[in-house]
Amino acid sequence: MAITADAEKAVLDSVPRDLFIAGEWRPASGSGTLAVEDPSTAEQITEVADATADDARAAMDAAASVRDDWAKHPPRERGEILRRAFERIMQRQDELALLMTLEMGKPLAESRAEVAYAAEFFRWFAEEAVRLDGRFSTAPNGQGRLITMRQPVGPCYLITPWNFPMAMGTRKIGPAVAAGCTMIFKPASKTPLSALALTEILEQSGLPAGVLNVVTSSSSSDVSEPILSDPRLRKLSFTGSTEVGRKLLEQSAHGVLRTSMELGGNAPFLVFGDADVDAAVQGAVIAKMRNIGEACTAANRFHVAEKLADEFTEKLARKLSGMRVGRGTDEGVEVGPLIDDKQRSKVSELVQDATAQGASVVVGGMDRDGRGYFYEPTVLADVPAGARVLDEEIFGPVAPVATFDDEDEAVAAANATEFGLVAYVYTRDINRAFRVCERLETGMVGLNQGIVSNPSAPFGGVKASGIGREGGREGISEYLETKYVAMAL
Ligand code: NAP
């Protein structure tokens, strides 16, 4: 069913636009506002409070003041708040999806999927909240007892990117709430609306005042500095680019903060000579085109066995050229706009560099004229080593295909990057599958599947793709300290 302008207005009007500090919705201290744009029209759709450094200090004060009370809150109740929030999100799935599409651009079906994915983190961590345990053992010399307990880290600062406006928030807020940590949440300036709607849901689900404080701001460094330099802060959890992650790690060094870093990727997608080509193409479409290619897990480069390369490239090009590009609210649209003009120019530059170096454009390769930041789904063949499109994170709907002769060459090409988030492997040979999975320098592998994200699995990277894991049994450990008690007996 077509989405009307009235429906869009209603959903935009329903979202709080203030900061949320110490359980109160309030305007920014300087009364400033931050404009939010629809990337499919390049027009402003609303504005939200633009926090200052003073607001950030107030948020830090609030998170610090309730830290002890919240840590003592019964785990079952912490879990039930998350469970209620999970249910409320799912009840409002359509409206939250529309909000997400309006501020970020992804097609409605993908926004609905993200809302469900986001909610699942709350359901998962609601269940984890009551499973926090410790250990008890006899010292090897028999003289004493060793006891370990796990306690909340303390106040956390959570920073998220624009590409998954809700799920990147729940992936941090869920385990922090479950573990008993208080927090300050700074969503990306381009997509504050999903984060504000989520905050209101948590408030309505019974989260006590001060546990979650939200600052939306046009100046992320100005609001982050007073928080990161405050000795009461104990942890930073960041999802975003490696470049900003490096800066934040430097800033975290002074306070020796616990850090979780979910950074950039450059995922290789390997198709071996024994692979099922049709399955590989199907996986490739998901790995490349999910979120318009604007995912840290997006397949960035396709390395295909020489003998399958023509067939794979042709079939992939056919699929991508059949995908409908347009405004995410329009029916049947599968590819929305990129987030802004800067991102579109970068994608365009990478394609031009590749063709200048000898790659050929099989399909696409152009900006779309008119309103919004659209770029056509693109397949590039015969991409030579050294082309920037193979080395840099594309963050757009462009699939460069290169070839390899043998397994060693494929693994070497896959690992020839500073990044190490995820790799995709297509093969029907079980021995090869294990060999290659073990040799890949990544935190995750999609084996004969083009998507790895799952709230009950540990998500994260190695090398310049980050530190730590989110989701799964590992996710809550990022928000817990282990205390050891040596007991004489
Ligand atoms: P970004 O530019 O690094 O921004 C991420 C967040 O950091 C935003 O909230 C941003 O605020 C904030 N920020 C920027 N500079 C800052 C500073 N000096 N101090 C404090 N905060 C600062 O990344 P992005 O463009 O939003 O997102 C795309 C990147 O995220 C890609 O590299 C992608 O791979 C990565 N990502 C990784 C994962 C993962 O799980 N590994 C998941 C999703 C995305 P503003 O919005 O105000 O700039």
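Using a distance-only test at 3.5 Å, with no hydrogens or angles considered, no donor-acceptor pair links the side chain of Arg388 to the main chain of Leu350. No donor-acceptor pair under 3.5 Å is formed between the side chain of Arg234 and the backbone N or O of Pro155. Listed for the Thr148 side chain is a donor-acceptor partner under 3.5 Å among the backbone atoms of Arg135. Judged purely by atom type and a 3.5 angstrom limit, Glu481 has no side-chain atom pairing as donor or acceptor with the backbone of Gln151. Between the side chain of Trp162 and the backbone N or O of Met104 there is no donor-acceptor pair closer than 3.5 Å. Under the 3.5 Å distance criterion, the side-chain polar atoms of Arg469 are left unmatched by any main-chain donor or acceptor of Gly443. No donor-acceptor distance shorter than 3.5 angstrom exists from the side chain of Asn213 to the backbone of Phe185, with no hydrogens or angles considered. Remark: the backbone N or O of Thr417 is not paired with any side-chain donor or acceptor of Asp391 at under 3.5 angstrom. With hydrogens and angles disregarded, a donor-acceptor distance shorter than 3.5 Å links the side chain of Lys288 to the backbone of Ala299. In this structure a side-chain-to-backbone donor-acceptor pair under 3.5 Å is present from Arg78 to Ala178.
Side-chain contact between Val177 and Tyr479: absent, with no pair of heavy atoms (C-beta onward) separated by less than 4.5 Å. In this structure, Leu320 and Met289 have side chains that are in contact, with non-hydrogen atoms separated by less than 4.5 Å. Looking at Pro208 and Trp70, their side chains come closer than 4.5 Å, going by heavy atoms from C-beta outward. For the pair Glu393/Asn266, no side-chain contact is recorded, criterion being any heavy-atom separation below 4.5 Å from C-beta on. Two residues are said to be in side-chain contact when any heavy atoms from C-beta on lie closer than 4.5 Å; Leu82 and Glu127 fail this criterion. Annotation: side chain of Val115 is in contact with side chain of Ile89 (closest heavy-atom distance under 4.5 Å).
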What verdict does the side chain to side chain donor-acceptor pair (under 3.5 Å) test give for Ser260 and Glu478, after you've listed the backbone C-alpha separation in whole Å, the side-chain angles of each residue and the deciding distance to 0.1 Å?
CA-CA 7 Å; Ser260 299; Glu478 304 275 323; 2.5 Å; yes

Decide salt bridge (charged side-chain N to carboxylate O under 4.0 Å, His left out) for Glu470 and Lys172; before the verdict, give the C-alpha distance in whole Å, the side-chain angles of both, and the deciding distance to 0.1 Å.
CA-CA 7 Å; Glu470 290 191 320; Lys172 299 183 190 306; 2.8 Å; yes

Report the C-alpha distance between Leu102 and Val36 in whole Å, list the side-chain angles of each, state the deciding distance to 0.1 Å, and finish with yes or no for side chain to side chain contact (heavy atoms under 4.5 Å, CB included).
CA-CA 9 Å; Leu102 291 176; Val36 183; over 6 Å; no

For Leu380 and Thr378: C-alpha separation, side-chain torsions, deciding distance, then whether side chain to side chain contact (heavy atoms under 4.5 Å, CB included) applies.
CA-CA 7 Å; Leu380 301 173; Thr378 298; 4.0 Å; yes

Evaluate the criterion salt bridge (charged side-chain N to carboxylate O under 4.0 Å, His left out) for residue pair Glu250 and Lys247; output intermediate values, then yes/no.
CA-CA 5 Å; Glu250 280 176 26; Lys247 278 191 212 152; over 6 Å; no

Given Ser237 and Tyr157, is the side chain to side chain donor-acceptor pair (under 3.5 Å) satisfied, shown in steps?
CA-CA 6 Å; Ser237 178; Tyr157 185 31; over 6 Å; no

Salt bridge (charged side-chain N to carboxylate O under 4.0 Å, His left out) for Arg432 and Glu407? Distances and angles first, verdict last.
CA-CA 9 Å; Arg432 168 175 277 155; Glu407 192 176 304; 2.9 Å; yes

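Lys106 pairs in a side chain to side chain donor-acceptor pair (under 3.5 Å) with only one of the listed residues (Asn163, Thr101, Asn291), which is Asn291. Residue Phe272 is tested with Tyr426, Tyr424, Phe404 for a ring-ring contact (aromatic ring centres under 6.0 Å, His included); the sole match is Phe404.
Within 6.0 Å of the CZ atom in Phe434, the count of heavy atoms belonging to other residues, nucleotides or ligands does not exceed 12. The environment of CZ in Arg473 is sparse: at most 12 heavy-atom neighbours from other residues, nucleotides or ligands sit within 6.0 Å. Other residues, nucleotides and ligands place more than 12 heavy atoms under 6.0 Å from the CD atom of Glu334.
Salt bridge Glu87/Arg84: absent, no basic N to carboxylate O contact under 4.0 Å. Salt bridge present: Arg439 and Asp408 bring a charged side-chain N and a carboxylate O closer than 4.0 Å. Salt-bridge check for Arg131 with Glu128: failed, with every basic side-chain N at 4.0 Å or more from each acidic carboxylate O. The residues Arg232 and Asp230 are annotated as salt-bridged, a charged nitrogen and a carboxylate oxygen being separated by less than 4.0 angstrom. Between Lys463 and Glu418 there is no salt bridge, since none of the side-chain N atoms of the basic residue sits less than 4.0 Å from a carboxylate O of the acidic one.
Under a cutoff of 6.0 Å and an axis angle of 45°, Arg83 and Phe122 do not form a cation-pi pair.
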